[in-house]
Amino acid sequence: MNEKIIEIIQPDDWHTHLREGDILKTVLKFSSRINNRCIAMPNLHNPITSSSLAIKYIHEIKKNFTSKEFTPLIPFYLTDNMDLIDFDKGLKNEIFVGAKLYPQNSTNNSSNGVTKLENIFPALEILEKRDKVLLIHGEKVDKNIDIFDREKYFIDDELTNIRKKFSNLRIVLEHVSSKYGADFVAQNKKMGGTITPQHMLLTKKDIYFNDVIDPFSYCMPIVKEEEDLICLRKYACSGHENFFLGTDSAPHDIKNKNLNGIVKPGIFTSPASLELYAEIFDQENSINKLETFSSINGPNFYNLPLNTNKIKIAKKSWYLEEFTQENNIKIKNFFGGKKLNWKVIQ
Ligand code: DOR
Ligand code: ZN
């Protein structure tokens, strides 16, 4: 039987974690394997809160790949006490693609994140004026809010206000995880939403074993109900222009994934990212919409040109290795040890 092969415009990953040091060395080849551009998130141990830190980080990334063209895009990490002059200059000089809002303590390395949204209103004005993008980790963290409801509360209590107050600002609700969030993205102007593979493959039933969460299926926002998964698949596979590819691939060395009972959120998808999306789109009989999601909607939202290269993906089975292991680092691959039915062939 002839293999089915599709050809699409080269994708970009609008949300990924490349990390730094040895992990960066280990994971970068996966992102640059298929993507032309990647948004590399700024929640490093020392978060990217200035132009000079961003420039240093871009150099570190570029030093670690050799052959292919690849462009890392860095968002500024917003804080309560940020330097607005440096921020404005960094946006003007295209050092930053936009700015990332982490509510304080909402995820990894977010202890320097924003405590009250009013504190960053001056920064949002600058972003709006410069027509750059606000990227949001949209979860409200409060001891009285259930972990599964954090996205909804963030939308109701915070995002709705920002949307109204800064009506020309382009905003991305990152890693949309619920029907509530996806409908909000679809129904509002100048809103984008990235969707990860895991939020279209897992529900909360898949991640608990005897009431204990599987650390390798644990991410923030946490995966939710079947109704949410179905809704995310519907928007992604319809080609709706507000939704685009963002893996949130978030590698952690297995040594650090579960430290003294504290599990770090993050799922490592970049070794098979486009293949996982292809699997999902094929299951939904929508493989013809993959390119819109992976390679067209994102650049259009970010006002960037479409990539000119093409890549081919073949429908053929292969097994993904269980782990990525190099440079003294060992990371569990999402879907590791399992069969995939699509493979990027060039
Ligand atoms: O699961 C996650 N991991 N969600 C995030 O928002 C951050 C990320 C990380 O940095 O590991
Ligand atoms: Zn992330």
Side-chain angles (χ1 to χ4, degrees), residues 12-24 26-28 30-31 35 38-48 57 72-78 97-114 133-141 147-148 150-151 154 171-178 181 192-202 204 206-207 213-224 232 244-259 262-270 273 276 298 324 329 331-334:
D12 305 293
D13 187 344
W14 300 99
H15 183 141
T16 191
H17 297 265
L18 296 179
R19 311 292 195 214
E20 54 209 309
D22 285 342
I23 296 209
L24 169 67
T26 309
V27 305
L28 184 59
F30 296 115
S31 291
N35 300 294
C38 275
I39 292 199
M41 286 297 167
N43 63 331
L44 306 184
H45 289 295
N46 189 10
I48 310 279
Y57 189 41
L73 302 168
I74 315 292
F76 183 98
Y77 181 115
L78 296 164
V97 67
K100 177 84 189 257
L101 161 59
Y102 289 102
Q104 191 177 50
N105 299 330
S106 53
T107 187
N108 277 318
N109 296 338
S110 60
S111 57
N112 296 293
V114 175
V133 175
L134 172 66
L135 301 84
I136 300 185
H137 183 109
E139 292 196 286
K140 181 160 179 165
V141 184
I147 190 169
F148 291 96
R150 286 177 178 177
E151 188 166 279
F154 183 85
I171 300 177
V172 180
L173 181 61
E174 297 293 338
H175 36 55
V176 185
S177 67
S178 63
T194 47
I195 307 182
T196 76
Q198 64 266 24
H199 290 101
M200 295 194 283
L201 287 165
L202 302 175
K204 68 181 186 193
D206 300 309
I207 67 172
I213 205 157
D214 166 24
F216 301 109
S217 304
Y218 179 59
C219 63
M220 284 298 175
I222 198 158
V223 302
K224 302 197 164 58
L232 293 168
F244 38 90
L245 188 158
T247 59
D248 197 15
S249 181
H252 291 275
D253 192 319
I254 54 170
K255 288 194 288 293
N256 305 324
K257 186 72 172 124
N258 186 350
L259 277 184
I262 298 178
V263 181
K264 296 208 170 176
I267 295 183
F268 182 50
T269 45
S270 62
S273 57
L276 288 164
T324 294
I329 300 282
I331 310 162
K332 172 86 171 74
N333 297 331
F334 180 68

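For ligands, and for the atoms within them, numbers begin at 1 and follow the listed sequence.
- Residue contacts with ligand 1 for H252 involve side-chain atoms from C-beta outward but no N, CA, C or O (heavy atoms, distance under 4.0 Å).
- No more than 12 heavy atoms of other residues, nucleotides or ligands sit less than 6.0 Å from atom CD1 of I262.
- Take K204 and apply the salt bridge (charged side-chain N to carboxylate O under 4.0 Å, His left out) test, not counting sequence neighbours, and it matches E225.
- Closest to atom 3 (N) of ligand 1, if we only count protein heavy atoms, is P265 O, 3.1 Å.
- Listed by number with element, the atoms of ligand 1 under 4.0 angstrom from any heavy atom of A250 are 3 (N), 8 (C), 9 (C), 11 (O).
- Proximity to G266 (heavy-atom distance under 4.0 Å) selects the following atoms of ligand 1: 1 (O), 2 (C), 3 (N).
- Using a 4.0 Å cut-off between heavy atoms, N109 makes no contact with ligand 1 at all.
- Under 4.0 angstrom from ligand 1, the non-hydrogen atoms of R19 all belong to its side chain.
- Which parts of ligand 1 touch C219 is read off a 4.0 Å heavy-atom cut-off, strictly below it: atoms 1 (O).
- Side-chain atoms of D13 come within 3.5 Å of backbone atoms of T247 as a donor-acceptor pair (strictly under, hydrogens ignored).
- Given atom 7 (C) of ligand 1, the protein heavy atom at minimum distance is T107 OG1, 3.1 Å.
- By the criterion of a heavy-atom distance under 4.0 Å, neither the backbone nor the side chain of I267 is placed next to ligand 1.
- Using a distance-only test at 3.5 Å, with no hydrogens or angles considered, no donor-acceptor pair links the side chain of S106 to the main chain of Y102.
- Side chains of S178 and K224: no donor on one and acceptor on the other come within 3.5 Å.
- Of the possible polar contacts, one joining the E20 side chain to the H45 backbone as a donor-acceptor pair under 3.5 Å is found.
- Checked against a 3.5 angstrom limit, the closest N/O atoms of N108 and ligand 1 fall inside it.
- Atom CD of E139 sits about 7.0 Å away from atom NE2 of H175, to the nearest 0.5 Å.
- Looking at Y57, its side chain does come within 3.5 Å of a backbone N or O of R19 through a donor-acceptor pair.
- Screening the protein for N, O or S atoms under 2.8 Å from the Zn ion (ligand 2) yields 3; no waters enter the count.
- Of all atoms in ligand 1, numbered sequentially from 1 with element shown, those under 4.0 Å from a heavy atom of H137 are 6 (O).
- Taking CG of L135 as the reference point, atom OG1 of T194 lies at 8.0 Å (rounded to 0.5 Å).
- Checked by atom type, the side-chain pair H252/N108 shows a donor-acceptor distance below 3.5 Å.
- Here the side chains of L73 and W14 are in contact, with some heavy-atom distance below 4.5 Å.
- With respect to atom 1 (O) of ligand 1, the closest heavy atom belonging to the protein is M220 N, 2.9 Å.
- Here the side chain of K257 pairs a donor or acceptor atom with the backbone of P215 at under 3.5 angstrom.
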